[in-house]
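To start, the structure under review is shown below, and the notes come after it.
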Amino acid sequence: MMEKTYLDELNEPQRAAVTQTEGPVMIIAGAGSGKTRVLTYRIAHLIRSGVDPFNILSLTFTNKAAKEMRGRIETVVGNEARNLWMGTFHAVFAKILRIEAEKLGYPSNFTIYDTDDAKSLMKDLLREEGLDDKLYKPDVVLNRISAAKNNLYSWQEYQANVSFVSDDIASGRPKIGILFEKYVKRCFKASGMDFDDLLYNMHIVLSKFPEVLHKYQHKFKYILVDEFQDTNYAQYSILKKLAAAFENICVVGDDAQSIYAFRGANIQNILSFERDYPDLNVFKLEQNYRSTQTIVNAANSVIEKNQKQIKKQVWTSNGQGEKIQLLRALSDNEEGLMVANAIFETKVNKQWHNRDFAILYRTNAQSRSMEEALRKLNISYRIYGGLSFYKRKEIKDILAYFRLVINPHDEEALKRIINVPARGIGKTTIDKLIVTAAERDVSIWTLLEDPATNPAGFNAGTLTRLSEFITLIRSFQVKLKSVDAWELASHIASSTGLLRELYEDKTPEGLSRYENVQELLNGIREFTETGRSITPPGDEEPSQDPDQLRTLELFMQDIALLTDADDEAEKDDDVVSLMTIHAAKGLEFRAVHVVGLEENLFPSQMSLDSREDLEEERRLFYVAITRAESKLTISYANSRYRWGNLISCEPSRFLEEIAAEFIEEVGPRHVRKPLPFEDDRWDQRPALRTPRPAVSGQPKVNVTAKPVPGKLKKLSSTEVRSFVGSESSDIQSGMEVIHERFGRGKVLLVEGKSPDLKATVFFPGVGNKQLLLKFAKLQIVAS
DNA sequence: GGAGGCCTCGGAAGG
DNA sequence: CGAGGCCTCC
């Protein structure tokens, strides 16, 4: 990569954003406008212009984004990318905090508590304080604490804040301030930082120690931030501090794609940025390279309904493309079938692959009906966002051993495995340990370690078992610095009996658990042997030394903030992707199905009380639409099962917000109409492709009018059955049939043998179609 | 101390 | 409906 030819690959505003290397820069990047390309080229350009990669910090929100970006930069600038600091906010700050830990009174091997650890600790605290966990739901309390930390409030400031305190009193939870204090102290005692602490403490260390601030200000002379609209106040404040010396800070974001306000992201940061840097250069990337004109314009017509937004006009020079198809189904199951059928047909008609398709939904529960339908048509798929590798019990158990060996004060790890595998240390004993340790203000480990202290008068048997446990953990600890990660990890896995216990479980689940642990151990082996590391490198990083022993401690630091296993191989699989819209952010697919466009589902019921929340839902819809490159299909059902009950649904208000010119309705027209065989009107050419101004008002009246649960349930399921279940095997040539998409047609030929009968059908206005009878679900109208 | 039945409750999700 | 938490019973 010698010359700056890469600049020729950029459009005008992109190039301007890349070459304006000095001073504060904000890039407002519309959907599909080449944001990642601009970020990577900007870094490449900095390096080409003589900036030492060592002085560049690039921050992202997800490990996935960090990894992808690093890969892309390496292809542009090669090896030099090595010294770049690139990673998630949390990973980079964790790395710095390990270096600076002692200034805050933490050991550098502090544990990072995940949300499960936090929850378990909070439950203990609630019990100790004698508080009702129905009222003080751990999640509610933790959210409150999290919000405080993300806005840089200490527990002292929280307790002194009239507004916080009166809110808590009003909500009937006056003790939250106390819980905040106890939680922070207990984490500290355990040498643990939760995710929010990584931000909060980073801010503290920069604020309280001018020499630390100076050091990192001069290290990170150039700072880049991706997904800026997702930053919270703490992150913004840290960025401002770090950038204060040189003000070479470049943030990239799109206010229209801010979908994480519910967890503290603050769009205000975009406005604050303009205010805080008066000489800010703003670039707007408005040309969309991803989608058809129809899709881009439809997305614009939706997002313009939001009051709060930064003005921009996203456009594309791509072709107009097909209209957006709107499918309406009677039930969630039928919606699944329609979506699966549509995918099947598009695959056949356009010769596309499974991997070209995505099904996006608002809630995970919606995946079930999609899965069932895809399975019926034998279409391979993958669901994203299930239980991630590192959240599995067997993985967490073994990692808890590693954590405890590295940091014996890690109370959550200790509680987790002190009786796993069962060694006769039960709940009563553990409870006594927790309470006694809290009373004496020491960690459980300190309590156990001191032989002079018989904690809470345990009997001889219990004492023996406890001391055996201590001996076991100590036997691992002494190896920590002397053997490599793989050796110690496999030693722990086998000598604790964890591996044997899983091995002996021959159920399918047990087998899979055993395999998961093996997979983890393989990962550790790879780490040990190849030294491959995921987190950002740095000058102070000991693992950079090739002679450095690859210890378990280094491995744990490497994976502490990982939430998912590496899924390199998965990209090759030809599967349809199923995921929530949140999970789809940043991705693109040739064909996208957005399903479940119903009131109270999308927009979510919980968003209807405030305009802000509704606008976030609308941005979510915008994100969903803009994932599609060339074919977008949206759908809804008139009824669906929710928590075991059949409920009726109204079409989403978002459907009306797409300008009607971009939509065509396809599919069965039996909504609020008699079924085909009951009505002569179906002899006429079906209302196919009639650009009806989508779902305007009428259905609302109709659908919700009769909320008689029993009746509704029965009626609906029969209707569905009669639609889906028509016997297609006796279809013969010469028959008149109705197809859910193509309307009425005439069967010209039936060939193949059951169950793979294939019919050639002529549909007026559409042409000849080859249809597999087992999938096409043709209705026979006349012989 | 552990297994199994009963009850409750349900949002999206990064690190 | 289904997962996870809690309680009871052995």
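- Between the P atoms of C/dG4 and B/dA13, the separation comes to 16 Å (whole Å).
- When heavy atoms are screened at a 4.0 angstrom cut-off, A/Y260 is found touching the sugar-phosphate backbone but no base atom.
- Looking at heavy-atom distances under 4.0 Å, A/N419 makes contact with sugar-phosphate atoms alone, never a base.
- Of the possible polar contacts, one joining the A/N407 side chain to the A/A190 backbone as a donor-acceptor pair under 3.5 Å is found.
- In this structure, A/Q235 reaches neither bases nor backbone, as no heavy-atom distance under 4.0 Å exists between it and the strands shown.
- In plain terms, the two heavy atoms of A/R127 and A/K427 that are nearest each other are NH1-NZ, 3.7 Å.
- A/F61 comes within contact range of the sugar-phosphate backbone alone, with a heavy-atom separation under 4.0 Å but no base atom that close.
- To the nearest angstrom, P of B/dG15 lies 16 Å from NZ of A/K95.
- Contact annotation for A/A94: no contact, since no heavy-atom pair falls under 4.0 Å across all strands.
- Out of B/dG1, B/dG10, C/dG5, the shortest distance to the side chain of A/K137 is found at B/dG10.
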Query raised in the report: Going through the distances and angles, do A/N63 and A/K67 end up as a side-chain contact (heavy atoms from CB on, under 4.5 Å)?
Result: CA-CA 6 Å; A/N63 289 303; A/K67 225 176 119 188; over 6 Å; no
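- Each of A/K134 and A/N143 was assigned the nucleotide of DNA chain B with the nearest heavy atom; the assignment lying further toward the 5' end belongs to A/K134.
- The CG-P distance, from A/D124 to C/dG5, rounds to 14 Å in whole Å.
- To the nearest angstrom, P of C/dG5 lies 14 Å from CZ of A/R127.
- In this structure, CE of A/M579 is placed 12 Å from P of B/dG14, rounded to the nearest angstrom.
- A/Y233 OH to A/N150 CG: the interatomic distance, rounded to the nearest 0.5 Å, is 12.0 Å.
- One N or O donor and one acceptor, one from the side chain of A/R263 and one from the base of B/dG14, sit under 3.5 Å apart.
- Checking B/dG1, B/dA13, B/dG14 against every side-chain atom of A/T429, the shortest atom distance belongs to B/dG1.
- What separates CZ of A/R642 from C1' of B/dG11 is a distance of 9 Å, to the nearest Å.
- Within the 4.0 angstrom heavy-atom criterion, base atoms lie near A/R362.
- Ring geometry, A/F195 versus A/H90: the interplanar angle exceeds 60°, so the pair is classed perpendicular (tilted spans 30 to 60°).
- For B/dG11, neither phosphate oxygen OP1 nor OP2 lies less than 4.0 angstrom from any side-chain nitrogen or oxygen of A/N364.
- Heavy atoms of A/D133 sit under 4.0 angstrom from primed sugar atoms or phosphate atoms, though from no base atom.
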Query raised in the report: Where do A/M122 and A/L126 land on the side-chain contact (heavy atoms from CB on, under 4.5 Å) test, with the steps shown first?
Result: CA-CA 6 Å; A/M122 183 53 66; A/L126 291 171; 4.3 Å; yes
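- At whole-Å resolution of the value, CZ in A/R619 and P in B/dA12 are 18 Å apart.
- Nearest-nucleotide assignment on DNA chain B puts the 5′-proximal partner with A/M606, out of A/K64 and A/M606.
- Rounding to whole angstrom units, CG of residue A/N333 and C1' of C/dC1 are separated by 13 Å.
- Distance from the side chain of A/T88 is smallest to B/dG15 among B/dG1, B/dG2, B/dG15.
- Checking B/dG15, B/dA13, B/dG1 against the side-chain heavy atoms of A/L561 singles out B/dG15 as nearest.
- What separates CD of A/E227 from P of B/dA13 is a distance of 15 Å, to the nearest Å.
- Ranking B/dG11, B/dA13, C/dG5 by closeness to the A/E617 side chain, first place goes to B/dG11.
- Judged by distance alone, with hydrogens and angles left aside, the side-chain atoms of A/N419 form a donor-acceptor pair with the main-chain N or O of A/G424 at under 3.5 Å.
- Here A/S607 lies out of heavy-atom contact (under 4.0 Å) with every strand.
- Stacking between A/W643 and B/dG10 is shown: the ring centroid lies under 5.5 Å from the centre of the six-membered base ring, and the planes differ by under 30°.
- Look at A/T580 and you'll find a side-chain N or O under 4.0 angstrom from OP1 or OP2 of B/dA13.
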